[in-house]
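Below is one structure, written out as structure tokens; the observations come after it.
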Amino acid sequence: MRSALDDLNTFMEGTKKDTMVILTATAAIPTLAKKLGASPVLGYLLAGTLIGPNCIGLISSVHNTEILAELGIVFFLFEMGIELSTDRLRSMKKDVFGLGGAQFGITSLTFALLFKRFTKLQNNAIVTLSGGLALSSSAFKSNLGTRFGKASFGVLLFQDLAVVPLLVAIPLLAGGASGMASALTSAVIKASMALSGIAFFGRWVLNPVFNGVASAKNREAFLGVTLLTVLSMSFLTEGLGLSNTLGAFLAGVLLSETKYRYQIEADVAPFRGVLLGLFFLTVGFEIDIILLLSKFKLIAGMVAGIVAVKAGIIMALACLFGLSPANGVQTGFLLSQGGEFAFVAFGLAKSLGILDQATTKVFLTSVALTMAATPIMATASERVAQRLEEQTGADHYLGEDQEAKEIKGSDDFVVVVGYGVVGKIVCDLLDMKFQRFIGIELDPKKAIQARNRGLPVFYGDSTRSETCQAFNVGAAKAVVITLADATATNRCVITLRREFPDIMIFARAVNEEHRRRLTNVLDVKAMVPILPEETELLTLPFGGEVLKAVGADEEEVKGILEGFRKGIMGRREVEDDAPGGAVGGGGAEDDSSKGIDIEVSDVVVLEKKKKAPQAAGGGGPHPGDGERKRKEDGEGEENAGQGGTQILGGGLKKDKAGVFSNAKQNEDL
């Protein structure tokens, strides 16, 4: 028995044991983190610290594991790239080359001055450390639908480009300054050539290749050519002396120009998730517990200093570039950690003799700890940002702040009226298309909550012409009305048709009769949502029509809706597994005599009561603004629909100037 176990242990030594340990960790950590309500990133870092070479030492081939883990960042950057297009890159030039360039330059200079003043490091070591610490981690992805998310992504993209000259400069720093200017110039030219080639290759090369593979209808072949594209671009740019992640990012941007981008993203996601977890595991390898305990004050001071300097500079620059203080705080804390490229840069500097072993160890441990602290700081920044948002003036919620002015001043935005569940889905789909939007919500609570999360949703009454003029609705590509109340929808449509006769309008109708009247009388693209418990899914076709109207092709819309559908179903599975997670549970089906509130959309479906319902349009005054707000939240939708459609009947016509009028309009509205 002992002999057999010894033979098995000998057989499993080396790569086999490393593989089993790593796969066990990547499977167990997310599960445990979910049950404990903790961040998986912290779990990976802690596990890496424990099983790494500086503690238990279960991994025998750390170098090979780190090479594999680098592919996690490669696929992560590829996914970031595939979410973009050349048009999107051009639209982000202020965040990338303005905010990103300023952040990297000022942060590098600040660290250099601090090292020069308080340390005895050589100049080449100071340049290496300053440039490496100015970089942030690309692994902490933010919501691109928010202003701080866009700013963070722009800064990270510039940092990824800045890696190129930094990695070129380090070997030159080891051998002197001769030829540095020409080498840096060459690196900048290479990066410029790579970026300028995105549109050409994305439009003329990859499409035919993927069309040919897709015509075979073989999923394995499609996945194979996708992986080939990612890895070949990554290895090519790395071989030219550039960053391998830059190559992966460029590959993603190339494929974003194809109609298969969403299928590609879905195929690559499992690889990216596992490998990214492995990357954080290897980051934990660099945390030396013994070193941390022996030099605790030094390392704690360095961690605090790195975070404070980077967060402070980014917050100040963000405000200078037009972000609100709340968005500046979230951007600063989200990018305050050290980055994965610091490990590459510092390791290269150590191999070239620029940094000694002890200095490298201290800085790598400090950078790893800043990354470990990022989830905690991100949570804290959300709370600070929310408090700042709550203390801001009314302009922030009424669409008069800088962010709203930027969107309103463009000609490439969509107006979404109503921010219930249907409105949220439409906004989320527009985000996935990277389409700018402004949300107008009459319920102040909803508007404030959305605005405090950094979303461009503002308080306003869309039935008033003054509101439409204030939000520059006439310049919008389209207006999407998602209100649950027919009366409010009709008022909004009539106002829009009066002020902007030619604007494209999508509207949510309450029934088929309402839909026909909206379509035939007011030239509105209307759809009737179905209201069983699957409303959230059945709302997607409505959102799909909106996406087509703003320029998305059929394949792109299918991909976006499929990804969104998978997200909804995955969320429901988690909710169903949770105790009490079933919607409408606890005997809702047993008591039909009561009005049971079941959340199925931004409306609340009320079961029939014994008392006959009174139509909103019959025999009484129309509801005021307060009641209309409640109806937008879902109260009495069926009655509102019956009464509201009367507004469109009897005499509503379009005059020669294209303006809608109604003899009974003043009475009805």
Least distance between heavy atoms, [X] atom then [Y] atom:
X      : Y      : result
Ala151 : Leu99  : CB-CD2, 3.9 Å
Ala447 : Glu441 : N-CG, 4.0 Å
Cys427 : Tyr419 : SG-CE1, 3.8 Å
Gly418 : Thr482 : O-OG1, 3.1 Å
Leu334 : Ser152 : CD2-OG, 3.6 Å
Val414 : Lys477 : CG2-CB, 4.5 Å

Subject >> Residues that Lys408 engages under salt bridge (charged side-chain N to carboxylate O under 4.0 Å, His left out), provided they are two or more places apart >> reply: Glu400
Original post:
What residues form a salt bridge (charged side-chain N to carboxylate O under 4.0 Å, His left out) with Arg383, not counting sequence neighbours?
Top reply: none
Counterpart residues, side-chain contact (heavy atoms from CB on, under 4.5 Å), relative to [X] (two or more places apart):
X      : answer
Val213 : Ala221, Phe222, Val225
Leu223 : Leu227, Asp267, Phe271
Glu466 : Arg464
Cys492 : Val417, Ser462, Thr463, Ile481, Leu496

What is the distance from atom [atom1] of [X] to atom [atom2] of [Y], rounded to the nearest 0.5 Å?
X      : Y      : atom1 : atom2 : answer
Asn490 : Leu522 : CG    : CG    : 7.5 Å
Glu512 : Met527 : CD    : CE    : 10.5 Å
Leu518 : Phe506 : CG    : CZ    : 13.0 Å
Glu499 : Gln469 : CD    : CD    : 5.0 Å
Leu157 : Lys93  : CG    : NZ    : 14.5 Å
Lys525 : Ile505 : NZ    : CD1   : 11.5 Å

With a 4.5 Å cut-off on side-chain heavy atoms, are [Y] and [X] touching?
X      : Y      : answer
Phe78  : Leu255 : yes
Phe210 : Thr229 : yes
Val480 : Arg508 : no

Taking [Y]'s backbone N and O only, do any of them form a donor-acceptor pair with [X]'s side chain (distance below 3.5 Å, no angle check)?
X      : Y      : answer
Arg497 : Ile503 : yes
Thr226 : Ile264 : no
Thr519 : Arg516 : no

Subject >> Candidates Phe458, Tyr459, Phe471 - the one meeting side chain to side chain contact (heavy atoms under 4.5 Å, CB included) with Ile440 >> reply: Phe471
